[in-house]
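See structure below.
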Amino acid sequence: MTQVEIKRVYEEPSDQDGYRILVDRLWPRGMKREGLKYDYWAKEVTPSNDLRKWFHADVEKRWDAFADMYQKELESSDATKAFIDKIRAYPKVTLLYASRETERNHARALKQFLDTRL
C-alpha cells in the first residue's frame with residue numbers, strides 16, 4: 001500500500017518524502033526549476049482551470065463544494081487512473097503544492113481521494 005503525504009514546495013526536501021510529485025498546474029512562484037527537488041510533475045491530476053479559479057475567489061466559503069467537484073473531476077478522468085497505477089509502485093509519495101493555504105487546498109483533497117483508492 002502506498003502512503004501519501006503532502007508538503008509545501010517551499011519546505012526542505014527530506015529522505016523520508018519518498019517519491020516527490022508536484023501537483024500544481026502552474027509552476028510555483030519564486031521557485032527556480034533547478035531549485036525544486038521533485039520526481040514527477042502531475043499536471044494531469046490537478047483541478048481544471050475553471051474549478052481552480054472559482055475556488056480561489058473564496059477559498060474558505062467554497063472549500064466543501066470545491067472538494068466535492070474536484071473529487072468528481074478525478075473520478076471521471078482517465079489520467080487519474082494512470083496516475084494511481086504509476087504511484088502504486090512506490091511505498092511512499094509526497095504531493096508537493098505551493099498554496100499558502102495549508103488546510104484548504106487541492107493537494108489535501110487529492111490526498112483524501114488517493115487514500116480511499118490505494
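Distance alone, capped at 3.5 Å, places no donor-acceptor pair between the Arg62 side chain and the His56 backbone. Checked by atom type and distance alone, the side chain of Asp68 never pairs as donor or acceptor with a backbone atom of Ala65 at under 3.5 Å. At distances below 3.5 Å, not a single donor-acceptor pair connects side-chain atoms of Arg20 with backbone N or O atoms of Tyr40.
The OG atom of Ser99 lies 7.5 Å from the CZ atom of Phe55; values are rounded to the nearest 0.5 Å. Atoms NZ and CD1, from Lys7 and Ile21 in turn, are 13.5 Å apart once rounded to the nearest 0.5 Å. Atom CD of residue Glu34 and atom CG of residue Leu36 lie 10.0 Å apart, to the nearest 0.5 angstrom. Interatomic distance, Tyr10 OH to Tyr97 OH, rounded to the nearest 0.5 Å: 11.0 Å. We find the NZ-CD distance between Lys92 and Gln3 to be 5.0 Å, quoted to the nearest 0.5 Å. A distance of 15.0 Å separates CZ of Arg8 from CG of Leu95, quoted to the nearest 0.5 Å.
Contact check for Phe66 versus Pro47: side-chain heavy atoms found under the 4.5 Å cut-off. Side-chain contact between Tyr19 and Tyr38: absent, with no pair of heavy atoms (C-beta onward) separated by less than 4.5 Å.
Under the 4.5 Å side-chain heavy-atom criterion for ILVMFWY residues, no single connected hydrophobic cluster contains both Leu22 and Ile6. Hydrophobic cluster membership is shared by Tyr70 and Ile87, with clusters built from Ile, Leu, Val, Met, Phe, Trp and Tyr side chains linked at under 4.5 angstrom. In terms of hydrophobic clustering, with Ile, Leu, Val, Met, Phe, Trp and Tyr side chains grouped at heavy-atom distances under 4.5 Å, Ile84 and Leu96 are assigned to different clusters.
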Which pairs would a plain distance check flag for residues 104-118, meaning a side-chain donor or acceptor within less than 3.5 Å of a matching protein atom at least two apart in sequence or in another chain?
from, atom 1, to, atom 2, distance (Å)
Asn105, OD1, Ala107, N, 2.9
Asn105, OD1, Arg108, N, 2.9
Asn105, ND2, Glu101, O, 2.8
Asn105, ND2, Thr102, O, 3.3
His106, NE2, Val23, O, 2.4
His106, NE2, Asp24, OD1, 3.1
Arg108, NE, Thr102, O, 3.2
Arg108, NE, Glu103, O, 3.3
Arg108, NH2, Thr102, O, 2.9
Lys111, NZ, Val4, O, 3.1
Lys111, NZ, Asp115, OD2, 2.6
Thr116, OG1, Phe113, O, 2.7
Arg117, NH1, Phe113, O, 3.3
Arg117, NH2, Glu75, OE2, 3.2

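Residue Glu60 places its CD atom among 12 or fewer non-hydrogen atoms of other residues, nucleotides or ligands, all under 6.0 Å distant. For Asp78, the CG atom counts as loosely surrounded, since its 6.0 Å shell holds 12 or fewer non-hydrogen atoms of other residues, nucleotides or ligands. Atom NZ of Lys81 sits in a sparse spot, with 12 or fewer heavy atoms from other residues, nucleotides or ligands closer than 6.0 Å.
Nearest heavy atoms, Asp39 versus Gly18: OD2-O, 3.9 Å. Residues Pro28 and Val9 come closest through the heavy atom pair CB-CG2, 3.8 Å.
The closest side-chain donor-acceptor pair between Gln71 and Glu73, if any, does not fall under 3.5 angstrom.
In terms of the ring pair (Phe, Tyr, Trp, His ring centres under 6.0 Å) criterion, residue partners of Trp41 (sequence neighbours excluded) are, by chain and number, Trp27.
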